A.B. asks: 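Right, I'll just put the structure down here and ask away after.
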Amino acid sequence: MRDDLGVQHRVDEQGVVHVVFDRPGEKVNVLTGPMLEHLAQLLDEVGRREDVRGVVFSSAKAGNFIAGMDVEAIASFTDPFKAAEGARRGQAVFDKIATLPVPSVAAINGTCLGGGLELALACTLRVGSDAKAVSIGLPETQIGIIPGFGGTQRLPRLVGLLPSLDLILAGKRLDARRAEKIGLLDRVVPEPLLLREAVKLLLGHASYRRRRRRPAWQLAAERLAPARRFLLEQARKRTAAKVSPQAYPAPFRALEAIDAAFAMELPQGLDVEARLVGELVPTPTSKNLIWLFKSQGALKKPDGLGVPPRKVRRTAVLGAGIMGGGIAQLLADKDLPVRLKDIRYEAVLTALQTASKVWNDRVKRRRMTPREAARKVAFIAPTLDATGLSRVDVVLEAVVENLGVKQKVLAEMEERIGERAVFASNTSTLPISDIAAHARRPERVVGMHFFNPVHRMPLVEVIAGQRTSPEAVATVQALAVELGKVPVVVRDAPGFLVNRILMLYLNEAMRLLSEGVSIEAADRAMVAFGMPMGPFTLLDEIGLDTANHAGGVLEAAFGKRIGGGGQLLSQVVQSGRLGAKNGRGFYRYKDRRRTGPDPEVVRMAAAPGARDLPVETLQERMVLAMVNEAAVCLEDGVVREPRDLDLAMVMGTGFPPFRGGLLRYADAIGIPVVTDRLARLADAQGERFRPAPLLRDMVREERRFHPQG
Ligand code: NAD
């Protein structure tokens, strides 16, 4: 038998077959086609042997059982029938486990996701270790498909309808204790005893009767079709309130599969599952989501800057405002000691309070013990003076957005921090090279631009100034990954990448308002496009003063192409409207709740009269403005490649993931079409829409931003 496929086996003296997953040269196990075939052969052999008493499946990887099916293999299908066949083959292999003449057990020591869990579900029993690494779930809907190796059929049968909805529709993951509670695991044991206990349980299987029963009403609801359909309909409504079935069909199809789990015998249910998977795998949504998943993984790997990052053990955050407070919370959450400095004690206290709230919420949701929460807060050491900084490895600066202040703060720090410590600024608009202009060690100064709210937005722009060293860049890149973020390296250009592109979009929205389009119509159009919120809601959330400041910087750098809507924004800010934070913006608010667009702002926009434009026209103007600027950014080397730009827009602005990103969207429409529409818009609306030279070159050379597929 071949070992290089990652499936090894041996028979122990008790007649137990140990199947051990261990993909050579990889940190985690994923299932591949050849590996499944190999497993099938092995199972056939085991089934024929008479001296075997049971089978234990385990993994030799630390903290990982099986992370799922290889996404490349899923992405390679373009035909629904072939994709369904692929699912049927996987189902058939796992069916061999379920129909073995002897009992089987999965010994789960870490991540057990997707195909990994489906394998475990086909076993007679499942034992989990109590290690933190254990994370069990079926995240397939997050890549636009549903579980296809029996998961939608075996999970509901095992744990019931309601827990399955959470796991399959939302891709929720469980730790070992929670998995045991719903009956997904038969037992949780201390990590070092995992294999021993698994074998013990396996051999005592006949007398093992601890399986949890669901309450009678749940069992009845599952069996009675009208009751079950009622619960499924409720779930459908809850899902539809979050995502549209056209954009994200997978969770809706999952409901059909789960219904089949109760309405049909297993073989028929499996057939429904395979057919649905077959339909979903070739959809653009699934292709885009898989592409984003892979790209995110690639950006989280060290990217060969040629220098190792500096190991970060101690940190300091300067400025305990919205951003500094959020960054300090993130660092402490990863058990990194943080010195949090501000010049106002109220700021530090508020930051500590806000950070505690994040952990206390986790305590309330039973995701964390009160002790653990108290331990996290203790990582933050508040201070008003500049002591205790000599041994920090990284200083994250998040003081007010003012060049003079930032330069002064940097100069003070250089007196106190070690020679090799990195100074990372969270500035959103100031060039890193300007901040470092008078620095003694400009090579240690770098940009690390987080997005607001820090604990939710996954993007960090990493900015190298003219003299920044590769080590400083590598250090903040690695730190971002450690903090669970996706780092994208961008050039030290005004507005960097995301805010620059976003500003064109916001400006176009304000121009539309000046032409008589209503605030709500513009917002609705972009929500329909798939953005998490419309442009005016977003402006109110960002803060109109902040947006106006950024707009001013960009207008100064790029002139009318960027600006234009800015005039209106300045006027609105001058009228005292700062957005949601002071309850007055493009919308009006009462007790923090929005009451409707502000007619006074509409008057300021001085539109000649109300104007109804088709939703497609609104979307086209706002989105193509971004596509055009994205092309300019690529041309100017603001970002290294289309992949980075697409990921940054999805992670930094919530650009609809099902579209795969701004440039994948442009590719999908077709570069000639995009360029032609931009040219028409330029003629009708003004030069800001004139297609970027890169786009025209691409049309001539018949190129796309991304390779096809
Ligand atoms: P903020 O006003 O909430 O906080 C700034 C804090 O810095 C205040 O508490 C202030 O007291 C403190 N401060 C001022 N001078 C200081 C000094 N010399 N030493 C120590 N502390 C000092 O501002 P914010 O929104 O958190 O922004 C901070 C930085 O992050 C800015 O550079 C901003 O451009 C950037 N940024 C903001 C956002 C956002 O959406 N708010 C997003 C990304 C980046």
Side-chain angles (χ1 to χ4, degrees), residues 316-330 338-355 381-389 392 395-417 423-432 434-435 445-463 476 480 485 488 490 494-500 502-503 506 538-554 578-582 585 648 651-654:
V317 172
L318 309 178
I322 306 175
M323 298 305 288
I327 296 167
Q329 189 272 331
L330 260 193
V338 197
R339 198 99 177 127
L340 176 60
K341 176 182 163 359
D342 203 289
I343 45 176
R344 296 176 304 125
Y345 72 89
E346 311 89 271
V348 204
L349 293 180
T350 311
L352 270 176
Q353 208 178 14
T354 315
T383 176
L384 292 181
D385 56 37
T387 54
L389 298 172
V392 299
V395 177
L396 290 127
E397 173 275 307
V399 304
V400 284
E401 187 76 346
N402 174 304
L403 182 60
V405 176
K406 290 203 195 272
Q407 285 177 337
K408 196 171 133 249
V409 165
L410 170 58
E412 269 168 29
M413 281 303 118
E414 288 195 313
E415 298 284 321
R416 303 195 177 252
I417 58 179
F423 182 94
S425 175
N426 184 46
T427 177
S428 10
T429 53
L430 297 164
I432 300 303
D434 288 0
I435 296 176
V445 181
V446 61
M448 189 176 188
H449 184 210
F450 288 85
F451 289 74
N452 186 15
V454 176
H455 68 284
R456 240 189 267 137
M457 301 298 283
L459 179 68
V460 169
E461 287 180 334
V462 173
I463 309 122
V476 290
K485 302 291 176 194
V488 169
V490 298
F496 311 125
L497 177 70
V498 167
N499 286 346
R500 169 167 166 187
L502 197 64
M503 195 51 73
L506 298 173
L538 180 62
L539 276 162
D540 274 2
E541 287 300 318
I542 296 173
L544 303 188
D545 47 345
T546 306
N548 191 36
H549 175 76
V553 170
L554 286 163
L578 303 182
K581 64 185 167 195
N582 80 340
M651 305 282 153
T653 72

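All values derive from a computational prediction rather than experimental measurement. Start at 1 and go down the list; that is how both ligands and their atoms are numbered. Starting from 1, each residue takes its place in the sequence as its number.
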A.B. asks: Touching ligand 1 at all, Phe451? Heavy atoms, strictly under 4.0 Å?
C.D. replies: no
A.B. asks: I'd like to check the side chain to side chain donor-acceptor pair (under 3.5 Å) partners of Ser428; sequence neighbours left out, ordered by chain and number.
C.D. replies: none
A.B. asks: Output yes when the distance from some N or O of ligand 1 to some N or O of Lys406 is under 3.5 Å, and no in every other case.
C.D. replies: yes
A.B. asks: Looking only at protein heavy atoms, which one is nearest to atom 23 (O) of ligand 1, and how far off is it?
C.D. replies: Ile322 N, 4.7 Å
A.B. asks: Suppose we screen for side chain to side chain contact (heavy atoms under 4.5 Å, CB included). Which residues come up paired with Pro458, at least two apart in sequence or across chains?
C.D. replies: Met651
A.B. asks: Of the protein's non-hydrogen atoms, which lies at the shortest distance from atom 2 (O) of ligand 1, and what is that distance?
C.D. replies: Val400 CG1, 4.3 Å
A.B. asks: Taking all non-hydrogen atoms of both residues into account, name the closest pair between Arg339 and Gly388 and its distance.
C.D. replies: CD-O, 3.7 Å
A.B. asks: Among all protein non-hydrogen atoms, which one is nearest to atom 14 (C) of ligand 1, and what is the separation to 0.1 Å?
C.D. replies: Ile343 CD1, 3.7 Å
A.B. asks: Would you give the length of the straight line joining atom CG of Leu459 to atom CZ of Phe451, rounded to the nearest 0.5 angstrom?
C.D. replies: 4.5 Å
A.B. asks: Please say whether Thr546 places an N or O atom under 3.5 Å from an N or O atom belonging to ligand 1.
C.D. replies: no
A.B. asks: For atom 4 (O) of ligand 1, what is the nearest protein heavy atom, given as residue, atom name and distance?
C.D. replies: Gly321 CA, 3.2 Å
A.B. asks: Which residue holds the protein heavy atom closest to atom 18 (N) of ligand 1, what is that atom called, and what is the gap in Å?
C.D. replies: Val409 CG2, 3.4 Å
A.B. asks: Taking atom NE2 of His455 and atom CD1 of Ile327, what is their separation to the nearest 0.5 Å?
C.D. replies: 13.5 Å
A.B. asks: Determine, step by step, whether Leu389 and Val395 satisfy the side chain to side chain contact (heavy atoms under 4.5 Å, CB included) criterion, reporting the C-alpha distance in whole Å, the side-chain angles of both residues, the deciding distance to 0.1 Å, and the verdict.
C.D. replies: CA-CA 9 Å; Leu389 298 172; Val395 177; 5.8 Å; no
A.B. asks: Between Asp342 and ligand 1, find which residue part has any heavy-atom pair under 4.0 Å and reply side chain, backbone, both or neither.
C.D. replies: both
A.B. asks: Give the numbers and elements of all ligand 1 atoms closer than 4.0 Å to a heavy atom of His449.
C.D. replies: 43 (C), 44 (C)
A.B. asks: Considering only non-hydrogen protein atoms, determine which one is nearest to atom 43 (C) of ligand 1 and report residue, atom name and distance to 0.1 Å.
C.D. replies: Phe450 O, 3.2 Å
A.B. asks: Is atom 36 (N) of ligand 1 less than 4.0 angstrom from some protein heavy atom?
C.D. replies: yes
A.B. asks: Once rounded to the nearest 0.5 Å, what's the spacing between atom CG of Asn548 and atom CG of Asp545?
C.D. replies: 8.0 Å
A.B. asks: Side chain to side chain contact (heavy atoms under 4.5 Å, CB included), that's the test. Do Thr427 and Ile432 meet it? Break it down for me.
C.D. replies: CA-CA 8 Å; Thr427 177; Ile432 300 303; 3.8 Å; yes
A.B. asks: How many angstroms lie between atom CG of Leu538 and atom OG1 of Thr653, to the nearest 0.5 angstrom?
C.D. replies: 8.5 Å
A.B. asks: What atoms of ligand 1 come closer than 4.0 angstrom to any heavy atom of Thr427?
C.D. replies: 32 (O)
A.B. asks: Would Thr429 and Glu401 count as having a side-chain donor-acceptor pair, cut-off 3.5 Å?
C.D. replies: yes
A.B. asks: Among Ala398, Gly324, Pro453, Gly319, whose heavy atom sits nearest atom 5 (C) of ligand 1?
C.D. replies: Ala398
A.B. asks: Between CD1 of Ile435 and CG of Leu430, what distance do you get to the nearest 0.5 Å?
C.D. replies: 5.0 Å
A.B. asks: Which value, rounded to the nearest 0.5 Å, describes the distance between Thr546 atom OG1 and Leu544 atom CG?
C.D. replies: 8.5 Å
A.B. asks: For atom 30 (O) of ligand 1, grab the closest protein heavy atom and report residue, atom and distance to one decimal in Å.
C.D. replies: Asn426 ND2, 3.0 Å
A.B. asks: Is there a polar contact between ligand 1 and Arg344, counting only N or O atoms under 3.5 Å apart?
C.D. replies: yes
A.B. asks: Which of these, Glu461, Met323, Glu541, has its nearest heavy atom closest to atom 41 (N) of ligand 1?
C.D. replies: Met323
A.B. asks: Would you indicate which of Ile327, Asn402, Val399 comes nearest to atom 7 (O) of ligand 1 when only heavy atoms are counted?
C.D. replies: Val399
A.B. asks: With only distance considered, is Glu397 within less than 3.5 Å of ligand 1 through an N or O on each side?
C.D. replies: no
A.B. asks: Below a 4.0 angstrom heavy-atom separation, can you tell me which part of Ala347, side chain or backbone, both or neither, approaches ligand 1?
C.D. replies: side chain
